[in-house]
Amino acid sequence: MKKYKVKKSTGSPKKHYLIDYQAQLNPQQYQAVANTEGPYLVIAGAGTGKTRTLIYRLAYLVENNINPRSILLLTFTRKAAQEMMRRAATILDERCRNVSGGTFHSFANFSLRKYGLHIQIHPNFTILDRTDAEDVINMIRTQLKLNKKERRFPRKTTLMDIISKSINKCISIEKVLANEYPHYKDESPDILNVVQHYRDFKQEKMAMDYDDLLVNLKKLLETNNEVRQKISNTYRYIMVDEYQDTNRLQAEITVLLASEHKNVMVVGDDSQSIYSFRGANFRNIMDFPKFFPGATVITLEQNYRSIKPILDLTNAIIEQAKEKYSKELFSEIEGTQKPVYIDAVDEDEQAAFVTQRVLELREEGVPLHKIAVLFRASWHANELEVELRSANIPYVKYGGLKFTEAAHIKDVVAYMRVLHNVFDEIAWLRLLLLIEGIGPTSAGRILAKIVHSGGDLNQLLSQDFAKKKFFNDLQKVHALLSRLTGSRLKPAEKLEAAVEYYNPLFELKYEDYKRRRLDLESLLRIAERYTTLEQMLTDMALEPPDTSQVGAEPTGSEDERLVLSTIHSAKGLEWHSVFIIHLVDGYFPAMQSLENEEDLEEERRLFYVAATRAQKNLYFITPELESRSYRWHTFDHSGLIFSEPSRFIAELPDFDELTEIGVLEFEEEDIKPF
DNA sequence: TAGTGAGAGGTTTTT
DNA sequence: CCTCTCACTA
């Protein structure tokens, strides 16, 4: 057979495109879009159309008759993934909706359920979220008798941190200890022991934590050539957004995925790297050419988001960074309003100012959902939330504790998990402990019977328990589970049955069950969307809905809600007006980072991310925090008082010229209800 | 063996 | 401020 080589007419005037790429993109963006073969690294500053470039490239590929299903879009956070996929679906036509993509974790989950058997992974595996994983660690820690008081052995959260860091940075436990936990260095044999037990536990119970998803995907691709080729050939074009947030492990996965074709474009900004606590390193992005020799580097510097005064300030902020790769952002957007700095007396005043200013902005015609309040840690918004509720301003809050992590949600979901994987001991434990009279010991016995019998539910009715006072309750659980096992009911119906059973226990367990019941109701509503239990449980672990954190109901259109968000969750998004609150040393930068220069640098990048979200208005607020309940925060060991404005502001050389200092004058007047 | 109450300690960000 | 742990009691 004779082979004909046909050259793609990239950019040739003969080809008719539905989108006029050259007109809609600047030359650098166009270069990134129109070169589709081989490895590319796009260094893109904040607001320079990073995601836009990715999406246009997607459309370009589709217009060149590339099958959308062979295009894979990956990123680290769900938020970014959602945004990316949403925009992908709208750009050209319905073809773009078929593109594959999501977070690295969800892609790993998908691949492992499909091909996992090649590395002895059962497709029904359970995903352990952070809390589950910590519970397991804790169990092991107790079993190994490492919880003696005299000894300062790391607690479960710390242990998980250590394990996770070691995996995500691809370095040994000992090295993590030496680098970041020198005080636990002597405990390393026991820590390694815990790690080993943890690994065995998961293996035995068909369970994977978040990190395992990535580790096993890598293992699958590395050990099985056939699968690797198949997957790599399925996804001929790979694009990774927010690459600066990916870690070593994810970089290696990217290399494996692209092994058959090397068509990879990664997009990122080293100045916005804010996930080092889970192994991301802003230098990773610069290593891309090492992984992909011959990679072309493209830099995007024109900002399309912010007016010049804001950009001047954000450039000044990042200028203070100790280490950065040169990149000078410029903007042609007209505007004269300088960022405003407000010195408030305390948190109440801060909250009052934000609330009032939000109302004024809305009067001026800025819809609520185009305004955001950003903060370092979720609880920083507590006072503000109270204020917003009393002023009847609807809002959504992103970040912080997740809906699916709430104890009562996990309780109900435990029944579903057992239905899906009868060996899910963590779920079993959870639901058994809810029964009065059953503690860890009895639960362990019941569990052992079920496991030994190969997952036989009838073991719940074993004569061994017949005389116990909890037998009656065991029968009820048995009735519930056996009724639902293998039944044709929809996930929502199964869940409803579980909630019905759970209700009396629930009211006993929680004083505030009335408030929590609302969560159960929204869980039921969410469940309606699913046709399979597996999909529902996967989403619970990997893409948890952020429903619980809603304030007042929106009065206007559904979307008209003020946005409250941690800065981490605000990444990649933009708003007309942005408030950054709690700019106080100890809050932001956070207390824990003050000692360490690297951490401090990360906090600075975080501040940069926050400030670059704003299009037209930017407000900085520093409360002096004298009167409030967080007083224990105001001293550290040396007696330093944290009522100083954030050093990120104090250190800026031309702060006075770059900003307008606002003064608050308070009148005793009620704020107009919304 | 389960449930309770006092005391200590740590407090962020995400999949 | 909340969560977790330990020791005590029934």
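Convention: sequence-line order gives letters A, B, ...; per-chain numbering from 1.
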**Asked** Only one of A:F607, A:F648, A:F588 clears ring pair (Phe, Tyr, Trp, His ring centres under 6.0 Å) with A:F620; which?
**Response** A:F607

**Request:** Starting at atom CG of A:D129, determine the distance to atom C1' of B:dT15, rounded to an integer number of angstrom.
**Result:** 10 Å

**Message:** Categorize A:Y275 for me: base, sugar-phosphate, or nothing, with a 4.0 angstrom heavy-atom threshold over every strand shown.
**Reply:** sugar-phosphate

**Item:** A:E436 CD: over 12 foreign heavy atoms closer than 6.0 Å
**Value:** no

**Prompt:** Which residue, A:S106 or A:R155, contacts DNA chain B at a nucleotide closer to its 5' end, judged by nearest heavy atom?
**Reply:** A:R155

**Request:** Assign A:N138 to base, sugar-phosphate, or nothing according to its heavy-atom contacts below 4.0 angstrom with the strands shown.
**Result:** sugar-phosphate

**Partner of A:K397 by side-chain hydrogen bond (donor to acceptor under 3.5 Å, both in side chains), out of A:S378, A:S565, A:S569** = A:S378

**Request:** Check the geometry between A:F277 and B:dT13 and answer yes if their rings are stacked (centres below 5.5 Å, planes below 30°), otherwise no.
**Result:** yes

**For A:R130, the option from A:D161, A:D209, A:D211 that meets salt bridge (Lys or Arg N to Asp or Glu O under 4.0 Å)** = A:D161

**Asked** With respect to the phosphate group of B:dT14, does any side-chain polar atom (N or O) of A:T566 fall under 4.0 Å of OP1 or OP2?
**Response** yes

**Request:** Measure from CG on A:N382 to P on B:dT12 and round the result to the nearest Å.
**Result:** 12 Å

**Request:** With heavy atoms under 4.0 Å as the rule, sort A:I567 into base, sugar-phosphate or nothing.
**Result:** nothing

**Request:** Specify the separation, in whole Å, of atom CD of A:E436 and atom C1' of B:dA2.
**Result:** 10 Å

**Complete:** Rounded to whole Å, CD of A:E603 lies from P of B:dT12 at a distance of 12 Å

**Request:** Mark yes or no: A:K467 above the aromatic ring of A:F471, with NZ or CZ under 6.0 Å from the six-membered ring centre and no more than 45 degrees from the axis.
**Result:** no

**Prompt:** Can a donor-acceptor pair under 3.5 Å be found between the side-chain atoms of A:R278 and the base atoms of B:dT13?
**Reply:** no

**Complete:** A:E242 atom CD is separated from B:dT13 atom C1', nearest whole Å, by 15 Å

**Asked** Closer to the 5' end of DNA chain B via nearest nucleotide, is it A:F470 or A:S569?
**Response** A:F470

**Asked** Of all the nucleotides listed (B:dG3, B:dT14, B:dT15), which has the minimum atom distance to the side chain of A:T103?
**Response** B:dT15

**Item:** Atom-to-atom span, CD of A:Q272 to C1' of B:dT13 - whole angstrom
**Value:** 15 Å

**Message:** It should be established whether A:S442 places a side-chain nitrogen or oxygen under 4.0 Å from OP1 or OP2 of nucleotide B:dT1.
**Reply:** no

**Contact under 4.0 Å: A:R130 side-chain N or O vs B:dT13 OP1/OP2** = no

**Complete:** In whole angstroms, the gap separating C1' of B:dT14 from CG of A:D245 amounts to 10 Å

**Item:** Length of the CZ-P vector between A:R604 and B:dT12, whole Å
**Value:** 23 Å

**Message:** Please determine whether a side-chain nitrogen or oxygen atom of A:T441 lies at a distance below 4.0 Å from atom OP1 or OP2 of B:dA2.
**Reply:** yes

**Message:** Taking B:dT12 as the reference, what is the distance to C:dT5 when you measure between their C1' atoms (whole Å, please)?
**Reply:** 23 Å

**Request:** Tell whether A:R78 reaches the base of B:dT15 with its side chain through a donor-acceptor pair below 3.5 angstrom.
**Result:** no

**Asked** In this structure, which one of A:F579, A:F375, A:Y587 forms a ring pair (Phe, Tyr, Trp, His ring centres under 6.0 Å) with A:H380?
**Response** A:Y587

**Fill in**
The nucleotide from B:dT13, B:dT15, B:dT12 with an atom nearest the side chain of A:W379 is B:dT12

